[in-house]
Amino acid sequence: MKICIFGAGYVGLVAAACFAESGNSVITVDIDKTRIDNLKQGIIPIYEPGLKEMILRNQAEGRLSFTLDMEEAVKASLVCFIAVGTPPGEDGSADLKYVLGVARNIGQAMNGFKIIVDKSTVPVGTADKVRAAVQEELTSRGASMEFDVVSNPEFLKEGAAIDDFMKPDRVVIGCDNVRTAEIMKELYDPFMRRQSRMIVMDIRSAEMTKYAANAMLATRISFMNQIAGLCERMGADVMAVREGIGSDSRIGYDFLFPGPGYGGSCFPKDVKALIKSAEESNYDFLLLKAVEDVNELQKEVLADKLVKLLGSPDEEQPLTGRTIACWGLSFKPRTDDMREAPALTIIERLLAAGATVRAHDPEALKEAKHHFGDRIEYSSNQYDILDGADALTIITDWHEYRNPDFDHIKGALRQPNIVDGRNLYKPERMASAGFNYIPLGRCGGGICGEVK
Ligand SMILES: NC(=O)c1ccc[n+]([C@@H]2O[C@H](COP(=O)([O-])OP(=O)(O)OC[C@H]3O[C@@H](n4cnc5c(N)ncnc54)[C@H](O)[C@@H]3O)[C@@H](O)[C@H]2O)c1
């Protein structure tokens, strides 16, 4: 099938590579000239495991190309995907200017029947706006052409995006036309050969499904972070509690790890956008507002623990003269994405408190330099930043932090303090190795992360 994808970001590139991998002819369009020039030369703008190899292979075999020329891309394609950003506007609602801009571009260029697919995360009712924008362009051209608008929200996870796309749990298609649903089914069939996991529904329900999924996951995270806070204060161990509740098949184990708060390009903005959509429908989404408030507070917890551990009575800058080594900057492992990463809040808090901050991340150092410049020190070696530091704090659970050289860490730190925002280590083992180990929500077994 001939398809074009607007947006060469995380979603657009992964979708383009995977659709090309299954034999389709894919043109990827972006407005960012440098990005397109680089992609043409095989330089991939983001880090995502397996993506580079897949892009290079399909490019070499002539199934995948990159262009700035929207008209050419639309004319050559039956299906046009919209996978551009939907950042939060000032009031928290999803800003649809890029999505509707693409809809207009398609209306200006189309030369026959097209299926226009919203893959960006967009509020309920956006498909109607896309349809209106395309129709307006056709009318102003004096043209009359058929087209369908489909909602096909994307559920991939950064860090495992290729796998998620190639072997999806489900593909949601919001569609009001049987013929178009069949074409979408044909496009996705190669990804569900063992069993169809395609769920076809009306367009508005498909748009809502994406927000409901992210809101549910964010709710689980904030819920577990509050259980962790309570465990610390009541002498319980959140990891034991996780086991205890996760074994209930109605609950399950996923998304029940405490941490420094959720971040990334999706959860924070989608939670905000759903609260705003609810408001516009005169509905107060009390639960999600609390989820968001809890998350903002949670981003402060690691810095609070460090100030409590190392702070001087100086109220303004209690960490003056202290050096903190940070492991992990991206919002989660296996990505270089730092959008809304908890590390941004934590490090700003440490700097404001007067600390010297050193940071390591396997992929996000370049991104971190855009945020912090020379206000912090960076190293691509996780051990180099430890020399003489007063504490190590773990912000992101990259694999290389799971089983590190503890002797080296202890020998390098000025004081053997580890404040672990991901509960990577066993408190008993850390205590017997002579560390002052402060995890989240683990007071069981006589080892207390937070002394009240
Ligand atoms: N990143 C994720 O993990 C993820 C997962 C599921 C859904 N989503 C959703 O998918 C959408 C895209 O997210 P992303 O992370 O890929 O964004 P991104 O910021 O990585 O990429 C967006 C790309 O769109 C390009 N663009 C903007 N206007 C354009 C136009 N008129 N024509 C062509 N290209 C244009 C930008 O230059 C950029 O390269 C968002 O709505 C997001 O919420 C993202």
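Note that ligands are numbered from 1 as they come in the structure, with each ligand's atoms numbered from 1 the same way. This one's a predicted model, so the numbers in the text were calculated from it and none came from an experiment. Basis for what follows: all heavy atoms, side chains included, without hydrogens, waters or symmetry-related copies.
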Atoms of ligand 1 less than 4.0 Å from [X] heavy atoms?
{"X": "Gly85", "result": "22 (C)"}
{"X": "Arg35", "result": "39 (O)"}
{"X": "Val29", "result": "33 (C), 34 (N)"}
{"X": "Ser120", "result": "10 (O), 11 (C), 41 (O)"}

Could you check [atom] against the protein and tell me its nearest heavy-atom contact, residue, atom and distance included?
{"atom": "atom 35 (C) of ligand 1", "answer": "Val84 CG1, 3.3 Å"}
{"atom": "atom 6 (C) of ligand 1", "answer": "Glu154 O, 3.2 Å"}
{"atom": "atom 8 (N) of ligand 1", "answer": "Val11 CG2, 3.5 Å"}
{"atom": "atom 27 (C) of ligand 1", "answer": "Ile31 CD1, 3.7 Å"}
{"atom": "atom 40 (C) of ligand 1", "answer": "Thr86 OG1, 3.5 Å"}
{"atom": "atom 24 (O) of ligand 1", "answer": "Gly7 CA, 3.5 Å"}

Distance-only donor-acceptor hits, side chain of residues 172-180, under 3.5 Å, sequence neighbours excluded:
from   : atom 1 : to     : atom 2 : distance (Å)
Asn177 : OD1    : Arg179 : N      : 2.9
Asn177 : OD1    : Thr180 : N      : 3.2
Asn177 : ND2    : Asp148 : OD2    : 2.9
Thr180 : OG1    : Asp148 : OD2    : 2.4

Can you confirm, on distance only, whether ligand 1 has an N/O atom lying under 3.5 Å from any N/O atom belonging to [X]?
{"X": "Thr121", "answer": "yes"}
{"X": "Tyr10", "answer": "yes"}
{"X": "Lys119", "answer": "no"}
{"X": "Phe6", "answer": "no"}

Residues [X], [Y]: salt bridge by 4.0 Å N-O rule:
{"X": "Lys332", "Y": "Asp337", "value": "no"}
{"X": "Lys157", "Y": "Asp163", "value": "no"}
{"X": "Lys210", "Y": "Glu207", "value": "no"}

Exercise for the section: With heavy atoms only and a cut-off of under 4.0 Å, state how Val102 meets ligand 1: side chain, backbone, both or neither. Expected result: side chain

Exercise for the section: Identify which one of Tyr383, Trp398, Tyr401 satisfies the ring pair (Phe, Tyr, Trp, His ring centres under 6.0 Å) criterion when paired with His360. Expected result: Tyr401

Check each of [options] against [atom] and report the one with the nearest heavy atom.
{"atom": "atom 18 (P) of ligand 1", "options": "Ala83, Gly9, Ala8", "result": "Gly9"}
{"atom": "atom 15 (O) of ligand 1", "options": "Arg104, Arg339, Lys269, Glu158", "result": "Arg339"}
{"atom": "atom 37 (O) of ligand 1", "options": "Thr34, Asp32, Asp30, Leu156", "result": "Asp30"}

Practice task
Tell me whether the guanidinium CZ or amine NZ of Arg242 lies under 6.0 angstrom from the six-membered ring centre of Phe257 and within 45° of its axis.
Solution key: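 The answer is yes, since Arg242 meets both limits relative to Phe257.
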
Practice task
Look at the aromatic rings of Tyr437 and Tyr425 and report parallel, tilted or perpendicular, splitting at 30° and 60°.
Solution key: tilted

Practice task
Please state whether the rings of Phe255 and Phe267 are parallel, tilted or perpendicular, taking 30° and 60° as the class boundaries.
Solution key: tilted

Exercise for the section: Could you tell me whether Met216 atom CE has more than 12 heavy atoms of other residues or ligands within 6.0 Å of it? Expected result: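 Incorrect, the count does not exceed 12.
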
Problem - Enclosure of Phe155 CZ (heavy-atom neighbours >12, cutoff 6.0 Å) - result: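 Counting neighbours around CZ of Phe155, more than 12 heavy atoms of other residues, nucleotides or ligands fall under 6.0 Å, so yes.
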
Exercise for the section: For this output row, return yes or no: ring centroids of Phe19 and Tyr188 closer than 6.0 angstrom. Expected result: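 Yes, ring centres under 6.0 Å apart.
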
Practice task
State if Lys210 counts as touching ligand 1 under the rule of any non-hydrogen atom under 4.0 Å.
Solution key: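 Yes; Lys210 lies near enough to ligand 1 that a heavy-atom distance drops under 4.0 Å.
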
Practice task
Heavy atoms only: give me the nearest Gly328-Ala343 pair and the separation to one decimal.
Solution key: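 Result for this residue pair: O-CB, 4.2 Å.
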
